[in-house]
> 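The structure's right below; bear with me while I get my questions together.
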Amino acid sequence: MKKTLALVFLVFLFTIQFMNSYGIQRFPKPEFESGYVQPETLLPNPRAEVLAILDIAVLIISLSVVSWLVIKKRNRNGVFWMSLFALAYFGFYREGCVCAIGSIQNVTLAIFDKSYLIPISAIIFFVAPLVYTLFFGRTFCAAVCPFGAMQDLVAFSPQKLGSRLNAVLGVIPYIYLGLAVIYAATGTDFIICRYDPFVGIWRFNASFGIFVFGGILLVIGIFIARPYCRFLCPYGVLLNWASRFSRKHITITPAECIQCRLCENSCPYDAIDIPVTTKNPESKGTMARKLIFITFLIPVLMLAGGWVGSKLNEPLASANAKVRLAKQILNPVTEKNQAETFEIQAFKSAGKQQRQAFAEASEVLHKFYIGSWILGGFIGLVFGSLIAGRMITKHQTDYTPNKGTCFSCVRCVDYCPVKLPLITK
Amino acid sequence: MQNRRDFLNLLCRGTILTGLAATTGVLAYRSVKGGNCDLGTSCNNCKKSESCDLPEAALFRQTVWQLDPTKCIQCGRCAENCVMSPSAVKVTHVYAMCGYCDLCGGYLKPDTKNISTAAENQLCPTSAIKRKFVEDPFYQYTIDEPLCIGCAKCVKGCGAFGNGSLQLQIRHDRCVNCNECSIARNCPSDAFKRVPANKPYLLQGIEAKPEEKNKV
Amino acid sequence: MKQKIIIISALALLLLLIIFMVKDFFFNNPGNTNPYQFELDNIRKGDSAKAVFAETQQIKTSLEEIHGIATDTSGKIYVSGKDSVAIFDAKGKTVNKFRIAGTAQCIAVSENGKIFLGIQDHIEIWNNRGEQLAKWASLGTDAVLTSIAVKGENIFIADAGQKVVYRCHIKGYLLGKIGLKDPATGVPGFIIPSPYFDLGISKDGNLWVVNPGRHSFEKYKFNGTLLSSWGKASMATEGFCGCCNPSNFAFINDSLFVTSEKAIERVKIYSADGTFLCVVATPDQFESGTKGLDLAVDKQNRILVLDPVKKMIRIFEPKK
Ligand code: SF4
Ligand code: SF4
Ligand code: SF4
Ligand code: SF4
Ligand code: SF4
């Protein structure tokens, strides 16, 4: 009985082997008579998986040390050396991959695509800096993020931009974040990684375009400190919001601000809020009118943004490979003696049905439709809050770092003449 | 006033922390448990079978990029689109599938008049394939990896005339494992995918077991 | 003033970067030219001019995979494939179709109408009503049977896996092995890099076997003595291309060879001494990548080409 079973199984195996249409894989190789030994196909392993633990450990330790330096020690030198270390480890050694900024996309993709297995290290790189920021402010940006460290090094002659310009340019990261999420969620592309400016420099190996991209950004960074952080970084948006609710945060003065204005120009990033004391406070009436205006404005802007976004869903989706393929099937290249595109060739040789390709494309399009409504609404909200923020004057008596935009770099601290030992005496 | 503000802060902080914790928990649980297959089942039985290529559960399972040679149409973009230059994609010779042919379709240009190993007869633009006589009429072909630029010309030749023993693969000693492989988004045949790092090759015809030491 | 200029130019650069990103993302589709194009098309085209045959009929088969074709003396056409065998009359009407177990890679029909199927590693004999008459033992675990020819009591079986031809008695016992490498008698041995290995029996009662790795035909006596061989490796129309070709052949007019090749999919006719005569079918008539164009010639000297990709029998006749 067992024998027959085994036989049946053998026969079964043979049929499987034979059914395989990709050639007969175990087709006997030549019978060599000269004692030739077939070499082994060498397959080098990727980086060992356990080393991910090392990355995580370095991240957590750096975050802790930098937070301690910022909050407890208020030591710019220490922060500076830590940032060099971050640049060396996360930048040059890890070549910019795994990074917190890019991990936004991994997390998004993992949420929307169940078949994508996100490595635990990517989750931690996304979450840990946010958690630290919720407690200590953006200490991650101060000296753990290699992008920040890189730009911090070249900020030789930072210029003040003025609050209006800062606010307007500050909208770009929100749009970037929204696009990054939409493209990651639809499995189209990881745009943050695609336009990662410094990765070429860290790898000493990249296409010319990426080198130029990184180079130009560094040149800008001489005059506008940390341009990527302030006007592009999508993770900065999340950190900004986390930092606003942080439990502790760097303060310029260790005790009480004496209004000496010495620190006023110390921040290269325009992140110090200067005191605002309005002589005649607004009447209750104007306040109420402003509030009503804003409560109307924001939903209107969101709706308008959503509507505009939904109109843009097709151009947005045209970056998706499935949509592109469907388009190419619909309008094949008609020019003479031009071969059909590789996409069409691949589609044909894969033996897929046109119907299937169209179905897949329209599914993606639908996702983009919903996504672009949300994205548009989100951008409307951002603009609305921008306007609202500028309409409502906040009262402020001291010089303080803006909790949202301050990178906790500890530069301003040295400018404050108030020193702690003096006070405690 | 100050108190109310602190309380609001605490509330927001708490909410964000809870949200982060929940996301982490769900994603981490999923990734530790192993993936869901396309069928939408989360069974644990079939995962152990040979045909299932879902990664086995492991706490620090990493993924790497690899291309599926059965999908590849040899478009040449692998040579041009990698962030590394030359590309981290190179041809891999599966000796177990090779016919050891004298007239190798992957080695010689198809219109070669008389068979000789002169450079102008070689298909490879960088002469990365080396030919060695074994015994009549067999020749062994080896890849000089540093020279190969991953252009897939030989892959096409071998597939058309021979057994398909030359196959493109991402070589993990060169690949820096970008978060999103920049060839993947340009590959017309959607051949690239993330694979678990403990099974980093997708070759046809051999049990793809990495042999060399890990790169650090 | 100076500060303003610096700020404005820096911002302009920033804007430039953003424009670059947008442009690159939305308008930079990967190019459609391959600088490393493998030029096969020219060679494929080169053959097209020389065809003197025309395709006159196509017979669709309803089999899932088709692998072997044969004809009998009455003009019926037999096709073997995955799990089934189909029989057509000369006009293409299905006469019978029956199920078998496994995939029959090759098929032959004897003068008395028995159907011989090579299924992976063993032979099965059926009649045209779909009844199994015999099933032989396996020829070995490595066996990959790719061709059968029957003549009287003798049946010849090509085994690409073990690179040998078996001569068997029609009752099922082994009479001898042909083509094993033997420097004493000058038998070179078969070089078979891929599973395409065909044989046939010519009118004069000799066995012809393809030696694909040497791009040649070898002529043997039934007892295994090598008589002669011919063949030329070349990409040009006159020769056999690639690493191992021709993949299949058949006899026409009892003495001419009809050959088929893979890689450059073409069907050609050679004289008995190996002189190239003409082209029957050109590469552009097949999907590129078609492998295993099995051949047969029927009573009316029509050439039947089995197209495994399009899953049909394609019939070629001389142009008027
Ligand atoms: S803003 Fe972004 S790029 Fe800048 S330091 Fe922070 S995380 Fe890094
Ligand atoms: S710590 Fe001070 S100098 Fe540094 S970013 Fe914050 S406010 Fe600016
Ligand atoms: S890009 Fe894709 S189709 Fe082109 S050569 Fe590479 S794997 Fe093959
Ligand atoms: S032909 Fe191209 S893929 Fe093949 S070995 Fe040469 S460079 Fe590498
Ligand atoms: S992951 Fe990066 S290095 Fe590796 S093959 Fe893709 S582009 Fe090249």
Side-chain angles (χ1 to χ4, degrees), chain B residues 73-81 87 91 97-115 121 123-126 128 135-139 141 148-166 168 182-188 205, chain C residues 24-25 28-47 160 163 181 183 188-197 211-216 231-245 247 261-265 283 286-291:
Chain B
I73 60 158
Q74 294 90 35
C75 70
R77 286 186 191 161
C78 271
E80 311 255 286
N81 285 294
S87 176
V91 73
M97 277 178 89
C98 181
Y100 288 81
C101 320
D102 181 6
L103 262 185
C104 169
Y107 179 72
L108 293 163
K109 278 196 184 138
D111 44 1
T112 307
K113 289 283 161 351
N114 28 20
I115 307 149
N121 282 344
L123 187 65
C124 176
T126 60
E135 65 186 61
D136 179 63
F138 301 124
Y139 290 83
Y141 297 92
C148 174
I149 55 168
C151 73
K153 226 174 163 178
C154 60
V155 179
K156 188 138 204 161
C158 180
F161 291 103
N163 283 1
S165 61
L166 292 172
L168 283 189
S182 69
I183 314 174
R185 64 168 150 257
N186 286 333
C187 172
Chain C
D24 178 77
F25 190 68
N28 242 9
N29 283 336
N32 208 32
T33 46
N34 181 357
Y36 310 105
Q37 187 67 42
F38 180 82
E39 284 110 11
L40 201 57
D41 290 350
N42 291 340
I43 299 169
R44 291 169 60 101
K45 268 188 214 116
D47 287 332
K163 302 167 177 44
K181 183 172 177 175
F190 297 120
I191 308 296
I192 303 164
S194 61
Y196 300 97
F197 184 32
N211 197 342
R214 298 185 192 274
H215 303 88
S216 64
K232 177 169 173 270
S234 165
M235 290 290 160
T237 320
E238 294 76 39
F240 298 121
C241 68
C243 77
C244 36
N245 262 323
S247 63
E261 282 160 82
K262 59 191 169 62
I264 301 177
E265 302 82 5
F286 301 97
E287 295 283 328
S288 83
T290 305
K291 286 184 176 181

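It should be emphasised that the depicted structure is a prediction, and the values quoted were computed from it without experimental measurement.
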> At a heavy-atom separation under 4.5 Å, does C/P188 approach chain B through its side chain, its backbone, both, or neither?
neither

> In Å, rounded to the nearest 0.5 Å, how long is the span from CZ of B/F138 to CD1 of C/I191?
3.5 Å

> Can you give me the closest heavy-atom contact between C/H215 and B/L103, atom names plus distance?
CE1-CD1, 3.3 Å

> Give, for atom CZ of C/R214 and atom SG of B/C101, the distance between the pair rounded to the nearest 0.5 Å.
12.0 Å

> Can you tell me how far the OH atom of C/Y36 sits from the CD atom of B/E80, to the nearest 0.5 Å?
4.5 Å

> Quick one: closest heavy-atom pair of B/K153 and C/F38, and the distance?
O-CD1, 3.6 Å

> Looking only at heavy atoms, what is the nearest atom pair of B/N163 and C/S194, with distance?
OD1-CB, 3.0 Å

> Please flag which part of B/C75 lies under 4.5 Å from any non-hydrogen atom of chain C: side chain, backbone, both or neither.
backbone

> Between B/P125, B/P137, B/G105, which has the largest tally of heavy atom pairs under 4.5 Å with chain C?
B/P137

